[in-house]
Engineer: 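I have a structure here, written as C-alpha coordinates, and I will follow up with some questions on it.
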Amino acid sequence: MLTIHAAPLVLPVGAAAVVDGAVAVDGDRIATLGPYEEVAAAYPTARVRRWPGLLTPGLRQDRARELLTRCYHPDPREADELGELPLWGEEFERLAATMDTTRRAGSVRRGLQRMLRHGTTHLAGPFGADDQALRTAVARSGLAVQVAPPPVPVGEGVPDLDPFAAGGDLARTAHGPLTVGGRADLAVFDVPDEAALYGVGPRPCVATVLAGRLVHRAR
(Lines give C-alpha, C1' and ligand atoms only; values in the text may rest on other atoms or scores of the structure.)
Protein backbone atom coordinates (compact mmCIF):
# COMPACT_ATOMS: atom_id res chain seq x y z
CA MET A 1 0.00 0.00 0.00
CA LEU A 2 1.31 3.43 -0.90
CA THR A 3 2.00 5.56 2.15
CA ILE A 4 2.67 9.27 2.52
CA HIS A 5 4.94 10.28 5.41
CA ALA A 6 4.36 13.96 6.20
CA ALA A 7 6.21 16.26 8.59
CA PRO A 8 6.49 20.00 9.29
CA LEU A 9 10.00 19.91 7.80
CA VAL A 10 11.57 17.44 5.35
CA LEU A 11 15.35 17.53 4.96
CA PRO A 12 16.23 15.50 1.85
CA VAL A 13 20.02 16.21 2.05
CA GLY A 14 21.57 17.58 -1.10
CA ALA A 15 18.42 19.57 -1.87
CA ALA A 16 16.46 22.39 -0.26
CA ALA A 17 14.45 21.72 2.88
CA VAL A 18 10.72 21.38 2.34
CA VAL A 19 8.40 23.08 4.83
CA ASP A 20 5.20 21.09 5.38
CA GLY A 21 6.76 18.37 3.28
CA ALA A 22 6.03 14.75 2.53
CA VAL A 23 7.56 11.61 1.10
CA ALA A 24 5.38 9.11 -0.77
CA VAL A 25 6.54 5.51 -0.41
CA ASP A 26 5.45 2.75 -2.76
CA GLY A 27 6.67 -0.63 -1.55
CA ASP A 28 10.33 -0.20 -0.69
CA ARG A 29 10.88 2.82 -2.95
CA ILE A 30 10.34 6.57 -2.80
CA ALA A 31 7.64 7.49 -5.32
CA THR A 32 7.93 11.25 -4.90
CA LEU A 33 8.72 13.94 -2.34
CA GLY A 34 7.89 17.61 -2.01
CA PRO A 35 5.25 19.86 -0.43
CA TYR A 36 2.54 17.84 1.26
CA GLU A 37 -0.30 19.33 -0.77
CA GLU A 38 1.38 18.37 -4.04
CA VAL A 39 2.26 14.87 -2.88
CA ALA A 40 -1.24 14.26 -1.51
CA ALA A 41 -2.81 15.51 -4.74
CA ALA A 42 -0.64 13.12 -6.75
CA TYR A 43 -1.67 10.15 -4.57
CA PRO A 44 -5.16 10.92 -3.23
CA THR A 45 -5.86 7.35 -2.06
CA ALA A 46 -2.58 6.86 -0.18
CA ARG A 47 -2.48 6.23 3.54
CA VAL A 48 -1.08 9.27 5.34
CA ARG A 49 1.16 9.15 8.39
CA ARG A 50 1.71 12.55 9.96
CA TRP A 51 4.79 12.98 12.12
CA PRO A 52 5.99 15.79 14.39
CA GLY A 53 9.31 17.55 13.89
CA LEU A 54 11.44 16.77 10.89
CA LEU A 55 11.88 13.90 8.46
CA THR A 56 15.34 12.96 7.18
CA PRO A 57 17.05 10.15 5.34
CA GLY A 58 17.83 7.16 7.52
CA LEU A 59 21.16 7.40 9.33
CA ARG A 60 24.40 5.43 9.01
CA GLN A 61 26.00 3.92 12.11
CA ASP A 62 29.75 4.16 11.56
CA ARG A 63 30.65 2.14 14.67
CA ALA A 64 28.32 -0.75 14.02
CA ARG A 65 30.96 -3.46 14.24
CA GLU A 66 32.15 -2.24 17.64
CA LEU A 67 28.59 -1.92 18.91
CA LEU A 68 27.77 -5.46 17.83
CA THR A 69 31.01 -7.28 18.69
CA ARG A 70 32.65 -5.24 21.47
CA CYS A 71 29.53 -4.27 23.43
CA TYR A 72 26.92 -6.26 25.29
CA HIS A 73 23.30 -5.14 24.95
CA PRO A 74 21.50 -6.30 28.09
CA ASP A 75 18.25 -8.22 27.93
CA PRO A 76 15.41 -6.23 29.58
CA ARG A 77 15.28 -9.02 32.17
CA GLU A 78 18.87 -8.13 33.11
CA ALA A 79 18.16 -4.44 33.61
CA ASP A 80 18.22 -4.55 37.41
CA GLU A 81 21.68 -6.11 37.35
CA LEU A 82 23.26 -4.67 34.21
CA GLY A 83 21.24 -1.56 33.38
CA GLU A 84 19.88 -0.73 29.94
CA LEU A 85 22.87 0.84 28.17
CA PRO A 86 25.46 -1.08 26.12
CA LEU A 87 28.30 -2.46 28.24
CA TRP A 88 31.77 -1.69 26.90
CA GLY A 89 35.39 -2.12 27.92
CA GLU A 90 36.09 -4.02 31.12
CA GLU A 91 32.41 -4.72 31.77
CA PHE A 92 32.07 -6.30 28.34
CA GLU A 93 35.28 -8.31 28.71
CA ARG A 94 34.06 -9.69 32.04
CA LEU A 95 30.83 -10.91 30.46
CA ALA A 96 32.48 -12.09 27.25
CA ALA A 97 34.73 -14.45 29.18
CA THR A 98 31.73 -16.68 29.98
CA MET A 99 29.32 -15.73 27.17
CA ASP A 100 28.01 -18.61 25.10
CA THR A 101 26.86 -18.42 21.47
CA THR A 102 23.18 -18.03 22.36
CA ARG A 103 23.78 -15.11 24.69
CA ARG A 104 26.05 -13.38 22.21
CA ALA A 105 23.48 -13.80 19.43
CA GLY A 106 20.82 -12.27 21.68
CA SER A 107 23.04 -9.27 22.34
CA VAL A 108 23.66 -8.74 18.62
CA ARG A 109 19.95 -8.99 17.86
CA ARG A 110 19.06 -6.47 20.57
CA GLY A 111 21.84 -4.14 19.42
CA LEU A 112 20.41 -4.11 15.89
CA GLN A 113 16.91 -3.49 17.19
CA ARG A 114 18.09 -0.61 19.36
CA MET A 115 19.91 1.01 16.44
CA LEU A 116 16.54 1.29 14.70
CA ARG A 117 15.27 3.37 17.63
CA HIS A 118 17.88 5.99 16.76
CA GLY A 119 16.95 6.33 13.09
CA THR A 120 19.67 4.00 11.83
CA THR A 121 18.97 2.26 8.52
CA HIS A 122 22.55 1.65 7.33
CA LEU A 123 25.64 0.15 8.92
CA ALA A 124 29.19 1.00 7.92
CA GLY A 125 30.83 -2.20 6.75
CA PRO A 126 32.03 -4.55 5.59
CA PHE A 127 31.52 -7.31 8.13
CA GLY A 128 34.22 -9.93 7.79
CA ALA A 129 33.55 -13.34 6.34
CA ASP A 130 35.12 -14.79 9.49
CA ASP A 131 31.98 -13.98 11.49
CA GLN A 132 29.14 -15.66 9.65
CA ALA A 133 26.77 -15.39 12.62
CA LEU A 134 27.14 -11.62 12.67
CA ARG A 135 26.67 -11.35 8.90
CA THR A 136 23.52 -13.48 9.13
CA ALA A 137 22.06 -11.37 11.95
CA VAL A 138 22.70 -8.16 10.03
CA ALA A 139 21.13 -9.61 6.87
CA ARG A 140 18.03 -10.73 8.76
CA SER A 141 17.61 -7.28 10.34
CA GLY A 142 17.06 -5.61 6.98
CA LEU A 143 19.64 -2.93 7.80
CA ALA A 144 21.74 -2.10 4.75
CA VAL A 145 25.52 -2.41 4.86
CA GLN A 146 27.23 0.59 3.31
CA VAL A 147 30.80 -0.19 2.33
CA ALA A 148 32.30 3.27 2.21
CA PRO A 149 35.01 4.90 4.29
CA PRO A 150 33.58 7.59 6.59
CA PRO A 151 34.82 11.08 5.81
CA VAL A 152 36.12 11.64 9.34
CA PRO A 153 37.89 9.16 11.64
CA VAL A 154 35.77 7.12 14.01
CA GLY A 155 36.58 4.58 16.68
CA GLU A 156 37.62 6.77 19.59
CA GLY A 157 35.86 6.62 22.93
CA VAL A 158 32.83 4.62 23.90
CA PRO A 159 30.62 3.79 20.89
CA ASP A 160 27.11 5.23 21.03
CA LEU A 161 23.90 3.89 19.51
CA ASP A 162 23.06 7.45 18.44
CA PRO A 163 24.85 8.12 15.11
CA PHE A 164 24.89 11.86 15.80
CA ALA A 165 27.04 11.25 18.90
CA ALA A 166 30.05 10.99 16.58
CA GLY A 167 29.72 14.71 15.94
CA GLY A 168 28.83 14.73 12.26
CA ASP A 169 26.13 16.86 10.69
CA LEU A 170 23.14 15.42 8.85
CA ALA A 171 24.87 15.40 5.47
CA ARG A 172 27.64 13.23 6.91
CA THR A 173 25.48 11.07 9.16
CA ALA A 174 22.67 10.28 6.73
CA HIS A 175 23.10 7.21 4.54
CA GLY A 176 22.58 9.44 1.50
CA PRO A 177 19.97 11.81 0.04
CA LEU A 178 16.28 11.08 -0.39
CA THR A 179 15.72 10.56 -4.11
CA VAL A 180 12.78 9.48 -6.22
CA GLY A 181 13.22 5.80 -7.02
CA GLY A 182 15.68 5.32 -4.16
CA ARG A 183 15.13 2.90 -1.29
CA ALA A 184 12.70 4.30 1.26
CA ASP A 185 14.90 4.59 4.34
CA LEU A 186 13.64 7.40 6.55
CA ALA A 187 14.02 8.74 10.07
CA VAL A 188 11.77 11.17 11.94
CA PHE A 189 12.90 13.28 14.89
CA ASP A 190 10.65 15.27 17.19
CA VAL A 191 12.80 18.40 17.10
CA PRO A 192 12.04 21.85 15.65
CA ASP A 193 14.93 22.21 13.20
CA GLU A 194 18.20 20.70 11.97
CA ALA A 195 20.29 22.50 14.60
CA ALA A 196 18.43 20.59 17.31
CA LEU A 197 19.84 17.32 15.95
CA TYR A 198 23.30 18.29 17.14
CA GLY A 199 24.91 18.85 20.51
CA VAL A 200 23.97 17.34 23.85
CA GLY A 201 20.24 18.03 23.85
CA PRO A 202 17.60 15.34 23.36
CA ARG A 203 16.78 14.35 19.77
CA PRO A 204 14.03 11.75 20.13
CA CYS A 205 13.58 9.53 17.09
CA VAL A 206 9.85 8.94 16.77
CA ALA A 207 9.90 6.75 13.67
CA THR A 208 12.24 4.75 11.46
CA VAL A 209 11.23 3.46 8.04
CA LEU A 210 13.41 0.69 6.63
CA ALA A 211 12.91 -0.19 2.96
CA GLY A 212 9.38 1.17 3.20
CA ARG A 213 8.50 -0.67 6.42
CA LEU A 214 7.75 1.19 9.64
CA VAL A 215 10.13 -0.68 11.95
CA HIS A 216 10.21 1.76 14.86
CA ARG A 217 7.51 4.02 16.23
CA ALA A 218 7.88 5.77 19.58
CA ARG A 219 4.98 5.20 21.92
Side-chain angles (χ1 to χ4, degrees), residues 11 13 56-75 78 82-97 99 103-177 183 185-189 191 194 196-205 207-211 215-216:
L11 301 177
V13 174
T56 75
L59 307 182
R60 184 187 65 246
Q61 175 53 258
D62 285 338
R63 301 187 67 180
R65 188 172 183 85
E66 292 171 276
L67 282 163
L68 297 175
T69 65
R70 305 304 302 168
C71 291
Y72 179 73
H73 301 272
D75 187 292
E78 300 174 310
L82 301 178
E84 299 179 353
L85 298 176
L87 300 180
W88 163 262
E90 292 183 1
E91 290 180 299
F92 170 78
E93 297 298 340
R94 176 176 56 82
L95 289 171
M99 194 182 305
R103 193 178 187 189
R104 177 174 180 265
S107 173
V108 169
R109 184 174 61 254
R110 290 187 295 273
L112 292 165
Q113 292 169 346
R114 290 166 186 174
M115 288 180 190
L116 295 171
R117 300 176 194 171
H118 292 271
T120 296
T121 58
H122 287 61
L123 310 179
F127 295 95
D130 59 322
D131 196 338
Q132 186 58 45
L134 176 60
R135 290 165 61 91
T136 298
V138 170
R140 287 177 176 172
S141 75
L143 287 155
V145 177
Q146 196 170 50
V147 183
V152 299
V154 296
E156 298 180 358
V158 179
D160 197 301
L161 286 166
D162 178 3
F164 284 116
D169 61 9
L170 179 60
R172 177 196 173 279
T173 308
H175 78 271
R183 200 174 98 150
D185 294 317
L186 317 173
V188 185
F189 298 90
V191 296
E194 182 178 350
L197 291 173
Y198 314 135
V200 297
R203 39 182 170 265
C205 177
T208 304
V209 176
L210 184 65
V215 292
H216 162 66

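Heavy atoms only: backbone and side chains are in, while hydrogens, waters and symmetry mates are out. The first residue in the sequence is number 1, and the count goes up from there.
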Engineer: Indicate yes or no: at least one non-hydrogen side-chain atom of Y198 is less than 4.5 angstrom from one of L170.
Structural biologist: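 Yes, side chains in contact.
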
Engineer: Could you pull out all residues at least two apart from P86 that satisfy side-chain contact (heavy atoms from CB on, under 4.5 Å)?
Structural biologist: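 Per chain and number, P86 pairs via side-chain contact (heavy atoms from CB on, under 4.5 Å) with C71, H73, L161.
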
Engineer: Which word best sums up how the rings of H122 and H175 line up, parallel for under 30°, tilted for 30 to 60°, or perpendicular for over 60°?
Structural biologist: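 Ring orientation of H122 relative to H175: parallel.
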
Engineer: Let me confirm one number: the CG-OH distance from L95 to Y72, rounded to the nearest 0.5 Å.
Structural biologist: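 Nearest 0.5 Å value for the CG-OH distance: 7.0 Å.
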
Engineer: Could you walk me through whether L68 and M115 pass the side-chain contact (heavy atoms from CB on, under 4.5 Å) test, one step at a time?
Structural biologist: CA-CA 10 Å; L68 297 175; M115 288 180 190; 3.8 Å; yes

Engineer: How many angstroms lie between CG in L112 and CG in L123, if you round to the nearest 0.5 Å?
Structural biologist: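 Taking CG in L112 and CG in L123, the distance rounds to 6.5 Å.
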
Engineer: Where do P163 and T173 come nearest, in terms of heavy atoms and distance?
Structural biologist: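 That closest heavy-atom pairing would be CB-CG2, 3.5 Å.
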
Engineer: Taking all non-hydrogen atoms of both residues into account, name the closest pair between F92 and L87 and its distance.
Structural biologist: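 What the structure gives for the nearest pair is CB-O, 3.5 Å.
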
Engineer: Check G176 against P57 and note the closest heavy-atom contact, atom names and distance.
Structural biologist: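 Here G176 and P57 meet closest at O-CB, 3.1 Å.
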
Engineer: On a heavy-atom basis, which atom in A124 and which in A64 lie closest, and how many Å separate them?
Structural biologist: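 The pair with the smallest heavy-atom distance is O-CB, 4.4 Å.
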
Engineer: Report the distance from atom CG of L59 to atom OG1 of T208, rounding to the nearest 0.5 Å.
Structural biologist: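 Separation between the atoms: 8.0 Å.
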
Engineer: Which heavy atom of R172 sits nearest to which heavy atom of R60, and what is that distance?
Structural biologist: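 Result for this residue pair: O-NH2, 3.0 Å.
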
Engineer: In Å, rounded to the nearest 0.5 Å, how long is the span from CG of D160 to NE2 of H118?
Structural biologist: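 The distance works out to 7.0 Å.
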
Engineer: My understanding is that only residues two or more places apart in sequence, or in another chain, count here; which of them pass salt bridge (charged side-chain N to carboxylate O under 4.0 Å, His left out) with E78?
Structural biologist: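 Salt bridge (charged side-chain N to carboxylate O under 4.0 Å, His left out) check on E78 returns R103.
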
Engineer: Would V13 and T56 count as a side-chain contact (heavy atoms from CB on, under 4.5 Å) here? Give the steps.
Structural biologist: CA-CA 8 Å; V13 174; T56 75; 5.9 Å; no

Engineer: Supply the atom-to-atom distance L143 CG to Q61 CD, rounded to the nearest 0.5 angstrom.
Structural biologist: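 L143 atom CG to Q61 atom CD measures 10.0 Å (nearest 0.5 Å).
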
Engineer: Grab the two heavy atoms, one from L186 and one from T121, that are nearest each other, plus how far apart they are.
Structural biologist: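 Residues L186 and T121, closest heavy atoms: O-CG2, 4.2 Å.
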
Engineer: Partners of R203 by side chain to side chain donor-acceptor pair (under 3.5 Å), sequence neighbours excluded?
Structural biologist: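 For R203 the side chain to side chain donor-acceptor pair (under 3.5 Å) partners, ignoring immediate neighbours, are D162.
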
Engineer: Working note: C205 + H216, criterion side-chain contact (heavy atoms from CB on, under 4.5 Å); need CA distance, chi angles, decisive distance, verdict.
Structural biologist: CA-CA 9 Å; C205 177; H216 162 66; 4.0 Å; yes

Engineer: With heavy-atom distances below 4.5 Å as the criterion, would you say the side chains of V138 and V108 are in contact?
Structural biologist: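 The answer is no, as the side chains (C-beta and beyond) never meet within the 4.5 Å cut-off.
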
Engineer: Kindly write out the residues that satisfy salt bridge (charged side-chain N to carboxylate O under 4.0 Å, His left out) with R104, not counting sequence neighbours, or none if the list is empty.
Structural biologist: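 Testing R104 for salt bridge (charged side-chain N to carboxylate O under 4.0 Å, His left out), a comparison that skips the adjacent residues, returns D131.
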
Engineer: Using the test salt bridge (charged side-chain N to carboxylate O under 4.0 Å, His left out), find all partners of R94 that sit at least two apart in sequence or belong to another chain.
Structural biologist: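 Partners of R94 by the salt bridge (charged side-chain N to carboxylate O under 4.0 Å, His left out) criterion come out as none, since no residue qualifies.
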
Engineer: Look up atom CZ in R109 and atom OG in S141, then write down how far apart they are to the nearest 0.5 Å.
Structural biologist: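 Between R109 CZ and S141 OG, I get 12.0 Å after rounding to 0.5 Å.
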
Engineer: Can you list everything that forms a salt bridge (charged side-chain N to carboxylate O under 4.0 Å, His left out) with D75? Sequence neighbours excluded, please.
Structural biologist: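 With sequence neighbours excluded, D75 shows a salt bridge (charged side-chain N to carboxylate O under 4.0 Å, His left out) to R77, R110, given in chain and number order.
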
